[in-house]
Amino acid sequence: MHNVFEALKERGFIKQTTNAEQIANLLAEQQVTYYVGFEPTASSLHIGSLVPVMVMAHLQRAGHKPIAIIGGGTGMIGDPTDKTEMRPMLSQEQIAANGRGILAQLQRYLNLDNEIADANDSQTVSKAGRFLNNADWLLSINYIEFLRDIGKHFRVNEMIKAEGYRQRLERELGLSFLEFNYQLLQAYDYLCLFQEYGCRLQLGGDDQWGNILAGVGLVRRIEGEQVHAVTFPLLTTADGAKMGKTAGGAVWLDAARTSPYEFYQYWINVDDRDVSQFLAYFTFLPMDEVRRLGSLEDEAIREAKEVLAYEATQLAHGKAEADKAQAASRAAFGGGNLNEAEMPTSVIPLERLDGGISIMALFHEVGLANSRSEARRLIQQGGAYINEKQYRAIDMVVGTDLLEGDALLLRAGKKRYHRIVLKEN
RNA sequence: GGGGGUAUGCUAGAGCGGUCAAAUAGGGCAGACUGUAAAUCUGUUGGCUAUGCCUACGGUGGUUCGAAUCCAUCUGCCCCCA
């Protein structure tokens, strides 16, 4: 077993640890069960959650055993940490549905086979991980018992020192008792996972440090065992924005929300300054290669971005999709012929062109503009192209004379394409 | 439970009873420049059958020729006291 901990450190995944040396030894000596919590706030993860996922994958590849939990119980409360407002509570059904979506995505990166990995079967040392919902143990909690057994281990004066809580208190934003309990519940998660599965390592974003430590402390007090915590640095892009947001909102792992092509494009378009770090985070390329690509400058850095985009897309959507996205991207921006199959396409009846369609209506209809007014602006500002020819007249009517073969190629701005296929019927 | 405050567009945040589709900043979009980057500059940023019309300033109902602006009430949030 090579030293995963060093590898993670080298890739920049480690921010804080309970004890780096002990963790490194632990990981070197035995199969360690580790866990990461995911919020079930949506049915898909977005690339902001990719750091924990990649770390889990690295650890599993090194022979350790992951547990991914979704906060079905805690999700019903909302984590106050670093949030300015309370989050909406979710129903159990919603959480379960979101959980299924998240599980499907995690399985691209991890082996989380609940069936095979039977806790009671100590004969099989399975590397397969688990996917659990903390509602399974949180919902059945008895309040009095919980206070007596768990609550007594927490000191309020310590808890309110935690950054997340302190901010809320200082900024006089208020903090409901409900939210205040979040830390206890998360600590309890760790305790349960330790007791049930021998979990000895929890990983999470650096904003979770306080909550994770609470769990470490709880296990020590109740079980007298030392378990560990590791946090990742919080991700921001070079221009300070939160990672993974684009014009259209978050970049999702779900192909239905963010197409593989858009996903690929996200990575191609990252800020130069982020490329090197992102290669380390979001690909499994050896660090030598990462360093080589990261040292490229100016125009050459596009090669690095292409590798980044390809690798990241391959992980999220598979090789076939990554190949397609790459081909489409090269075609669209490499000056070559556009790959028709790769771009969003609509089919409309040929007759509609006979009478002509207003150019505004056309751009609106295919979704390149959200309203006719937006389409109007787009056209007036010179961002509307049909078959790569710019049209600036808003009263322009598109007729059959513009057809190239049986299709029209619409473009809005530099990067957004839409193909319309006309069909007789 | 008592007292006070606040509620504006994607976000933050101005808004004198008319000239407010609503200042300003951020964000977004488009154009120029570029490397599908960054920075910078310019334009634009509710909708529509479009020199006008409709919808919007937490909900409802008033006052008024006229309300985002005044009043009442409801709701949410915040603060103080309990």
Side-chain angles (χ1 to χ4, degrees), chain A residues 78 80 83-89 167-176 178-179 236-251 259 261-279 293-310 312-313 325-336 338-339 342-343 355-361 363-365 367-386 388 390-395 397 410-418:
Chain A
K83 297 285 195 309
T84 44
E85 282 168 38
M86 222 175 119
R87 287 188 326 211
M89 300 181 196
Q167 257 181 29
R168 297 263 307 239
L169 293 171
E170 276 175 8
R171 293 173 63 195
E172 303 183 333
L173 274 169
L175 174 70
S176 72
L178 196 74
E179 295 173 277
T236 49
T237 56
D239 50 12
K242 225 176 175 179
M243 156 109 202
K245 298 285 182 193
T246 63
V251 179
S259 73
Y261 176 74
E262 290 171 290
F263 188 84
Y264 183 93
Q265 283 296 315
Y266 173 82
W267 300 106
I268 286 284
N269 284 316
V270 298
D271 192 298
D272 285 6
R273 293 166 289 177
D274 291 324
V275 173
S276 159
Q277 182 63 71
F278 283 8
L279 280 165
L293 291 165
S295 66
L296 297 174
E297 287 180 359
D298 300 322
E299 279 197 56
I301 203 168
R302 283 192 302 164
E303 182 198 335
K305 287 185 181 181
E306 211 175 44
V307 173
L308 170 65
Y310 183 80
T313 307
Q326 185 176 56
S329 176
R330 280 181 177 159
F333 296 100
L338 291 156
N339 184 344
E342 291 316 311
M343 60 186 73
I357 302 179
S358 138
I359 185 169
M360 282 195 291
F363 273 81
H364 177 209
E365 199 174 311
L368 288 174
N370 290 322
S371 68
R372 292 181 64 119
S373 296
E374 201 173 281
R376 169 196 305 274
R377 283 192 290 274
L378 182 74
I379 295 157
Q380 284 174 335
Q381 292 177 143
Y385 295 80
I386 298 176
E388 296 304 318
Q390 188 183 57
Y391 290 92
R392 304 191 71 138
I394 55 164
D395 51 2
V397 172
L410 305 190
R411 173 155 71 91
K414 291 193 181 73
K415 301 179 191 174
R416 288 149 57 222
Y417 286 90
H418 194 101

### Message
At 4.0 Å (heavy atoms only), tell me whether A/Gln265 reaches a base, stays on the sugar-phosphate, or touches nothing.
### Response
base

### Pairwise C1' distance, B/U44 and B/U49 [rounded to whole Å]
23 Å

### Query
For B/U44, which nucleotide is its Watson-Crick or G-U wobble mate, given both distances must be under 3.5 Å?
B/G28

### Task
Please report, rounded to the nearest Å, how far the C1' atom of B/U44 is from the CD atom of A/Glu374.
11 Å

### Message
Please confirm whether the shortest side-chain N or O distance from A/Ser371 to OP1 or OP2 of B/C48 is below 4.0 Å.
### Response
yes

Pairs: protein N or O with nucleotides 30-33 of chain B N or O, under 3.5 Å:
| residue | atom | partner | partner atom | Å |
| --- | --- | --- | --- | --- |
| B/A30 | OP1 | A/Arg416 | NH1 | 3.2 |
| B/A30 | O2' | A/Gln381 | O | 2.8 |

### Message
Within the 4.5 Å heavy-atom criterion, are A/Glu388 and A/Arg411 side-chain neighbours or not?
### Response
yes

### Task
Please report the shortest heavy-atom distance between A/Tyr266 and A/Val251, naming the atom on each side.
CD1-CG2, 3.5 Å

### Task
Nearest whole angstrom, please: distance from the C1' of B/U36 to the CG of A/Asp271.
13 Å

### Query
Do A/Val397 and A/Ile357 have side chains that get closer than 4.5 Å, going by heavy atoms?
no

### Query
Do the non-hydrogen side-chain atoms of A/Ile268 and A/Arg302 ever get within less than 4.5 Å of each other?
no

### Task
Write down the partner of B/U19 under the Watson-Crick or G-U wobble criteria, each distance required to be under 3.5 Å.
none

### Task
Measure the distance from CG on A/Asp395 to P on B/A50 and round it to the nearest whole Å.
12 Å

### Message
Say we look at B/A38 and B/A21: how far apart would their P atoms be, to the nearest angstrom?
### Response
37 Å

### Message
Rounded to whole Å, how long is the line connecting atom CZ of A/Arg372 with atom C1' of B/C29?
### Response
19 Å

#### Entry: d(CD, A/Gln277; P, B/A37) in whole Å
22 Å

### Task
Pick the C1' atom in B/G17 and in B/U63, then give their distance to the nearest Å.
11 Å

### Task
May I have the distance from A/Leu308 (atom CG) to B/U36 (atom C1'), rounded to whole angstrom?
14 Å

### Message
Using the C1' atom as the point on both nucleotides, what is the distance between B/G4 and B/A14, in whole Å?
### Response
23 Å

### Query
Whole-Å distance between B/U34 P and A/Asn269 CG?
18 Å

### Same-atom distance (C1') from B/C29 to B/C10, integer angstrom
13 Å

### Side chain proximity check, A/Leu410 to A/Tyr385, heavy atoms < 4.5 angstrom
no

### Query
Can you tell me how far C1' in B/A68 sits from the matching atom in B/G3, rounded to whole Å?
27 Å

### P gap between B/C77 and B/U8, integer Å
14 Å

### Task
Go through A/Ile379 and A/Ile359 one step at a time and tell me if the side chain to side chain contact (heavy atoms under 4.5 Å, CB included) criterion holds.
CA-CA 8 Å; A/Ile379 295 157; A/Ile359 185 169; 3.8 Å; yes

### Task
Side-chain contact test, heavy atoms from C-beta onward, threshold under 4.5 Å: evaluate it for A/Leu293 versus A/Ile301 and give yes or no.
no

### Task
Round to the nearest Å and state the distance from A/Asp298 atom CG to B/U36 atom P.
13 Å

### Base B/A50 to side chain A/Arg376, donor-acceptor N/O within 3.5 Å cut-off
yes

### Query
Which part of the nucleic acid does A/Val275 contact within heavy-atom distance under 4.0 Å: base, sugar-phosphate only, or nothing?
nothing

### Identified pairing partner of B/A7, criterion: Watson-Crick or G-U wobble below 3.5 Å
B/U75

### B/G62 versus B/A67 - spacing of their P atoms, nearest Å
13 Å

### Flag side-chain contact, heavy atom, 4.5 Å: A/Glu374 against A/His364
no

### Message
Using heavy-atom distances to pick each residue's nearest nucleotide on RNA chain B, tell me which of A/Met360 and A/Tyr264 is more 5'.
### Response
A/Tyr264

